[in-house]
Structure formats: structure tokens, C-alpha cells
Amino acid sequence: MKVKYELVDECDKARYGILHTNHGDFETPMFMPVGTQATVKTLSPEELKDMKSAIILSNTYHLWLRPGEDIVNKAGGLHKFMNYDGPILTDSGGFQVFSLAKNKKKDIVEEGVLFKSHLDGKKLFLTPELSIQIQNKLDSDIAMSFDECPPASASYEYLKNSIERTLRWAKRGKDVHSNKNQSLFGIIQGGPHEDLRKYSAIETVKMDFDGYSIGGVANDGESKDDMYKAIDYSIPYIPKDKPRYLMGVGDPVDIIEGVIRGIDMFDCVLPTRLARHGNAFTHNGKINIKNAKYKEDFTPIESTCDCYTCKHYTKAYIRHLITSDETFGARLLSIHNIRFLIKLTEELRVAIKEKNIYEYREKFLQNYLGDKYDKNIKG
RNA sequence: GCGGAUAUGGUGAAGGGGUUAACACGGCGGAUUGUGGUUCCGUUAUGCUAGGGUUCGAAUCCCUAUAUCCGCC
């Protein structure tokens with residue numbers, strides 16, 4: 001069965017809906033924690049469930065190299081392999097071509113991309129067909145098209161050629177996609193340019209994917225303004241009965257801005273990466289638990305938070321774990337940070353249903369940004 | 001008691017007369033958006049045990065004191 005999006009309620013452009021999948025239904029907007037190597041770093045599937053995480057993202061490129069898609073397939077697919085029975089989305093590897101080969105030699109040609117393995121330097125050639133075939137074998141619920149993810153610095157001319165190629169790649173991938181239980185999402189590119197996003201969106205939608213994502217907004221150095229433009233210029237051309245996924249976004253402010261603009265799904269490494277580096281989201285902004293001021297702070301990160309970490313542990317203790325390089329510290333912060341974003345989407349859903357999303361945003365941003373809050377931010 | 005060695009930041013230390021005292025760890029702060037991340041970036045000794053001297057110039061040379069260490073009575 002392919003995923004099916006059910007639109008339940010709207011508040012201006014923001015949508016509240018349900019996505020039906022083979023591994024359960026979940027409400028949108030939703031945040032997807034990232035489990036690149038078939039694990040959300042430091043967390044067990046049970047813990048993810050406890051924090052109401054409904055769908056996770058894993059990665060084609062990494063699983064292709066290790067352990068290999070055939071091993072995962074023999075294990076009975078990704079769900080069985082990693083003991084996770086909720087929905088899983090796999091990224092196509094398109095982003096890795098960009099991020100792993102950043103500043104390194106890579107050849108993007110019509111056929112695919114030639115680049116080097118981050119494990120042993122071996123030459124690799126990834127094509128749209130191969131990406132889809134790997135994802136078919138991984139047996140994720142949602143596969144992503146293999147796209148080119150150009151850097152923020154890409155010129156208009158470059159982007160124009162790039163989105164044409166990405167469209168051809170999308171078609172090639174779709175043509176070989178054979179897993180009937182797996183959905184396939186198309187990816188809209190085009191940088192911050194209205195005409196390119198419009199063109200990319202219209203042409204991608206023509207191919208009739210099961211869902212659509214907006215890519216190229218969280219690579220390196222894109223401004224928030226460009227991100228919001230990319231969304232605004234793409235959304236009008238995506239059919240309302242299909243899920244919309246903003247790739248790579250997980251800053252709380254961006255999630256709110258994305259939801260207000262009509263996004264249903266987000267994924268980001270931020271909550272887990274920040275955790276490993278000692279940072280925690282709070283309603284008053286991001287904090288660095290390593291700061292000396294928390295040395296004797298025997299209160300939870302947020303007393304109002306319902307996560308396992310905040311119910312049982314103090315900032316002083318977590319600070320001790322992080323400064324001592326104990327992985328339990330990264331675990332506790334990962335639990336809190338992911339729960340923070342999941343809860344944020346829960347609250348956004350309520351705000352959509354209660355038709356007060358703009359009030360919610362204003363209140364959230366005032367607390368979160370504090371002095372930096374700009375009353376001129378517009379939706 | 002005699003002889004010798006060594007004294008540089010929170011720590012380990014480089015520098016053996018010439019502009020703002022290397023580097024590492026630690027400390028303090030920051031970054032992080034489809035995870036090559038126990039990562040990356042800033043900052044951290046107005047001073048080289050103390051006092052005196054030589055010199056245009058001393059952490060660097062000389063003297064004295066003090067401390068520590070190693071030998072020998």
C-alpha cells in the first residue's frame with residue numbers, strides 16, 4: 001500500500017492531517033528524527049515511541065555502503081533489521097553526494113554521480129536507478145527520488161540546468177521503482193528563485209509522486225529568507241491531497257514557519273547532533289548545558305517538559321555527563337531535544353485545529369528568540 | 001653539612017639574549033538544519049620562583065635567597 005494523506009483541518013495555509021502508511025498512521029505536521037545508519041544515534045525504538053516519534057528517516061547511501069542493501073533485505077527489510085515497526089522514510093543519497101563530497105572531487109554527469117566512499121575512498125557511482133533499487137530492497141515505507149542538491153552559492157544558470165537534470169533523474173528513478181509497498185516522493189529544487197521553483201514543482205507533480213518534498217533549503221549558508229521563499233514558491237503547485245516534506249529542517253523557528261506555509265513533514269539531525277554537543281532546546285532558546293552556570297543547577301532542563309530526561313534528571317547531572325564524555329548524557333539530551341520538536345508539532349496541530357496558529361507563532365517566538373524577536377516577521 | 005640539577009599559565013611543557021612567550025590538555029564561550037561530527041571555531045600567562053646585577057635589550061647571562069629533586073658524608 002502506498003501512503004495516503006488525509007487532510008483534516010486547515011488554518012490559512014497550515015494543514016492538519018493524517019498520513020496512512022503500512023506501518024501505522026500518524027498525524028501531521030510531524031517531525032522525523034534521523035537515523036542515518038539504521039539507528040537514531042543513542043536511542044532505542046522503544047524510547048522513540050515513548051517520545052511519540054511517529055516516523056524516522058534512514059539513509060540509502062550509508063546502508064548501501066554498510067552493511068549493504070542485500071544484508072538488510074535478507075534480514076527481512078529495514079524494519080525487521082533494526083527492530084522498528086513504525087514508518088520509515090529513506091533519503092536517496094542525493095544529499096550525501098553534496099555533503100560528503102563537499103570541497104572534494106566529484107563528477108556529476110547525466111548518468112549519475114561519481115564520488116568517493118567516506119569509508120575507504122573507493123570510487124562509487126550512484127545513479128537514480130541504483131538509488132531507487134537500493135531503497136526497494138531496504139523496503140522503507142517512503143523512498144526519495146535521487147536529486148542533485150546544489151549548494152547555496154549555486155548560480156541561477158547552474159540551478160536551471162540542475163533542476164532539469166533532477167527532473168530527468170526523478171523520471172528514471174520512478175521508472176525502475178518496483179516495490180509495491182513503498183511510496184516514492186519527488187523533490188522540488190530551484191534555490192530561492194520563483195520561476196525555477198515553480199517550474200520544478202509543476203514538472204515534478206506531473207510525474208505523479210506519492211508525496212513531494214522541497215529540497216536544497218538546509219545545505220550550507222542558505223538564509224532563512226531563501227528557505228521561506230523556496231517554500232512559498234513551491235507549495236502552490238503541490239496538490240493538496242499529497243504530503244509535503246521540507247527536507248533537512250529542524251530548527252524550531254523554521255518548523256513553525258514551514259508549517260505556517262503548508263509543510264507537513266520535517267526531518268533534521270539537529271536535535272541529536274546538538275545533544276551530542278551538549279545543547280538543549282528550551283522555550284527560551286537553545287542552551288549549552290556545558291555552561292558553567294549549570295554546574296550547580298539541580299533543576300530539569302525545563303520543568304514543564306514531559307520527556308523522560310526532564311522528569312528524572314537535573315542540568316547539573318547532564319552537564320557532568322556531557323563534560324565527562326559519557327554517552328548517557330548525549331542520550332538524555334537526544335531524548336529531550338527530539339521530544340521538544342515532536343511536542344512542538346503536537347502544539348502546532350492543536351493550533352491549526354483551533355485556528356490560532358499565528359498567535360501560537362507570536363507567543364513561541366517571543367519566548368524563544370527573546371531580545372532577537374522581530375515583530376516584523378510576516379507569514 | 002658538602003656537591004650537583006631544576007624552577008615558565010589550572011596542568012604537561014617549548015623557547016638557551018632581539019618585535020605582541022610555541023604547542024597540547026584543561027577552563028570559559030560560540031557554531032551546528034535530507035549526520036564523513038567524542039566535530040569545528042574563538043578565547044584563555046601584561047608575564048617566565050623572589051630580589052639584585054650585566055646589557056640598547058633578559059624567560060634566556062651573572063649573583064643571592066627560597067623551593068624541589070639527586071648524589072656524598
Side-chain angles (χ1 to χ4, degrees), chain A residues 31-42 55-63 65-66 89-104 106 115-121 124 131 135 140 142-150 152 185 187-189 211 213-224 226-228 230 245-255 257-258 263 265-281 285-295 319 321-331 333-334 337 341:
Chain A
F31 174 77
M32 305 184 279
V34 175
T36 301
Q37 313 207 68
T39 171
V40 176
K41 289 184 194 297
T42 76
I55 168 170
I56 61 169
L57 177 147
S58 196
N59 201 288
T60 301
Y61 166 79
H62 298 265
L63 298 178
L65 293 194
R66 193 170 55 189
L89 177 150
T90 43
D91 189 21
S92 66
F95 182 75
Q96 275 62 47
V97 170
F98 160 78
S99 69
L100 275 69
K102 193 162 17 176
N103 307 321
K104 290 196 182 155
K106 61 176 183 262
F115 63 115
K116 287 182 177 176
S117 161
H118 73 287
L119 298 178
D120 57 11
L124 300 170
S131 172
Q135 296 184 75
S140 53
I142 299 170
M144 298 302 303
S145 282
F146 185 72
D147 64 331
E148 190 198 347
C149 201
F185 281 21
I187 303 176
I188 298 162
Q189 291 285 354
S213 28
I214 296 169
V217 298
N219 297 347
D220 64 338
E222 287 88 354
S223 67
K224 284 185 183 291
D226 283 352
M227 180 192 293
Y228 305 152
Y245 160 30
L246 183 64
M247 304 189 82
V249 167
D251 179 89
V253 176
D254 294 338
I255 288 179
E257 296 298 338
I263 299 293
M265 298 160 69
F266 302 84
D267 83 282
C268 194
V269 303
L270 208 53
T272 43
R273 179 181 290 167
L274 286 178
R276 273 175 278 125
H277 298 166
N279 294 77
F281 291 127
K286 185 165 64 68
I287 66 165
N288 186 344
I289 202 81
K290 288 185 283 189
N291 286 175
K293 61 183 170 187
Y294 301 121
K295 199 176 269 181
R319 177 181 193 277
L321 293 178
I322 291 290
T323 54
S324 307
D325 260 333
E326 286 290 346
T327 50
F328 191 49
R331 231 153 78 73
L333 287 178
S334 291
N337 284 344
L341 294 184

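Below, each value reflects all heavy atoms present in this structure, side chains not excepted, and no hydrogens, waters or symmetry copies. Lettering follows sequence order; numbering is per chain, from 1.
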For [X], report the nucleic acid contact type (base, sugar-phosphate, nothing); a contact means any heavy atom under 4.0 Å.
{"X": "A/I187", "value": "base"}
{"X": "A/G216", "value": "base"}
{"X": "A/D267", "value": "sugar-phosphate"}
{"X": "A/K290", "value": "sugar-phosphate"}
{"X": "A/R319", "value": "sugar-phosphate"}
{"X": "A/L274", "value": "base"}
{"X": "A/E326", "value": "nothing"}

Using atom [atom1] of each nucleotide, how far apart are [N] and [M] to the nearest Å?
{"N": "B/G17", "M": "B/A58", "atom1": "P", "answer": "14 Å"}
{"N": "B/C41", "M": "B/U32", "atom1": "C1'", "answer": "11 Å"}
{"N": "B/A59", "M": "B/G18", "atom1": "C1'", "answer": "13 Å"}
{"N": "B/G57", "M": "B/C72", "atom1": "P", "answer": "45 Å"}
{"N": "B/A24", "M": "B/A14", "atom1": "P", "answer": "15 Å"}
{"N": "B/C48", "M": "B/U38", "atom1": "P", "answer": "41 Å"}
{"N": "B/U8", "M": "B/C23", "atom1": "C1'", "answer": "14 Å"}
{"N": "B/U60", "M": "B/A7", "atom1": "P", "answer": "11 Å"}

Can you see which heavy atom on [X] is nearest to which on [Y], and at what distance?
{"X": "A/F281", "Y": "A/N337", "value": "N-OD1, 2.9 Å"}
{"X": "A/Y294", "Y": "A/N288", "value": "CE1-O, 3.2 Å"}
{"X": "A/S92", "Y": "A/S131", "value": "O-OG, 2.8 Å"}
{"X": "A/D91", "Y": "A/M144", "value": "CA-CG, 3.9 Å"}
{"X": "A/S334", "Y": "A/T42", "value": "OG-OG1, 3.7 Å"}
{"X": "A/A280", "Y": "A/L333", "value": "CB-CD2, 3.9 Å"}

Fill in the blank from the handout: Given the options A/I255, A/V249, A/D251, A/V253 meets side chain to side chain contact (heavy atoms under 4.5 Å, CB included) only with A/D251

Practice task
Return yes if the base of B/U35 and the side-chain atoms of A/N59 contain a donor-acceptor N/O pair under 3.5 Å, otherwise no.
Solution key: no

Practice task
Classify the side chain of A/T327 and the base of B/U38 as holding, or not holding, a donor-acceptor pair under 3.5 Å.
Solution key: no

Looking at [X], does any N or O in its side chain come under 4.0 Å of the phosphate oxygens OP1/OP2 on [N]?
{"X": "A/N291", "N": "B/G30", "value": "yes"}
{"X": "A/Q96", "N": "B/U35", "value": "yes"}
{"X": "A/K293", "N": "B/G29", "value": "no"}
{"X": "A/R273", "N": "B/G37", "value": "no"}

From [options], nucleotide with atom closest to [X] side chain:
{"X": "A/N279", "options": "B/U33, B/U35, B/U32", "answer": "B/U32"}
{"X": "A/D325", "options": "B/U33, B/U35, B/U38", "answer": "B/U38"}
{"X": "A/A218", "options": "B/U33, B/U32, B/U35", "answer": "B/U33"}
{"X": "A/D254", "options": "B/U35, B/U33, B/A31", "answer": "B/U33"}
{"X": "A/A292", "options": "B/G37, B/U35, B/G29", "answer": "B/G29"}

Fill in the blank from the handout: Per the O4'-C1'-N9-C4 / O4'-C1'-N1-C2 angle with a 90° window around 0, B/G52 comes out anti

Check the distance between [N]'s [atom2] and [X]'s [atom1] and give it to me in whole angstrom.
{"X": "A/M265", "N": "B/U33", "atom1": "CE", "atom2": "C1'", "result": "16 Å"}
{"X": "A/D251", "N": "B/U32", "atom1": "CG", "atom2": "C1'", "result": "11 Å"}
{"X": "A/N288", "N": "B/G27", "atom1": "CG", "atom2": "P", "result": "12 Å"}
{"X": "A/I287", "N": "B/G29", "atom1": "CD1", "atom2": "C1'", "result": "15 Å"}
{"X": "A/K286", "N": "B/U32", "atom1": "NZ", "atom2": "P", "result": "6 Å"}
{"X": "A/F95", "N": "B/U35", "atom1": "CZ", "atom2": "P", "result": "6 Å"}
{"X": "A/R276", "N": "B/C40", "atom1": "CZ", "atom2": "C1'", "result": "14 Å"}
{"X": "A/K295", "N": "B/G27", "atom1": "NZ", "atom2": "C1'", "result": "8 Å"}

May I ask which nucleotide in the shown strands pairs with [N], Watson-Crick or G-U wobble, both distances under 3.5 Å?
{"N": "B/U43", "result": "B/G27"}
{"N": "B/G37", "result": "none"}
{"N": "B/A67", "result": "B/U6"}
{"N": "B/A22", "result": "none"}
{"N": "B/G57", "result": "none"}

Handout entry: First encountered from the 5' end of RNA chain B, between A/S117 and A/K224
Key = A/K224

Problem - Heavy-atom side-chain contact between A/Y228 and A/D254 under 4.5 Å - result: yes

Handout entry: Test item: A/L270 and A/L341 side chains (from C-beta on) under 4.5 Å apart, heavy atoms
Key = no

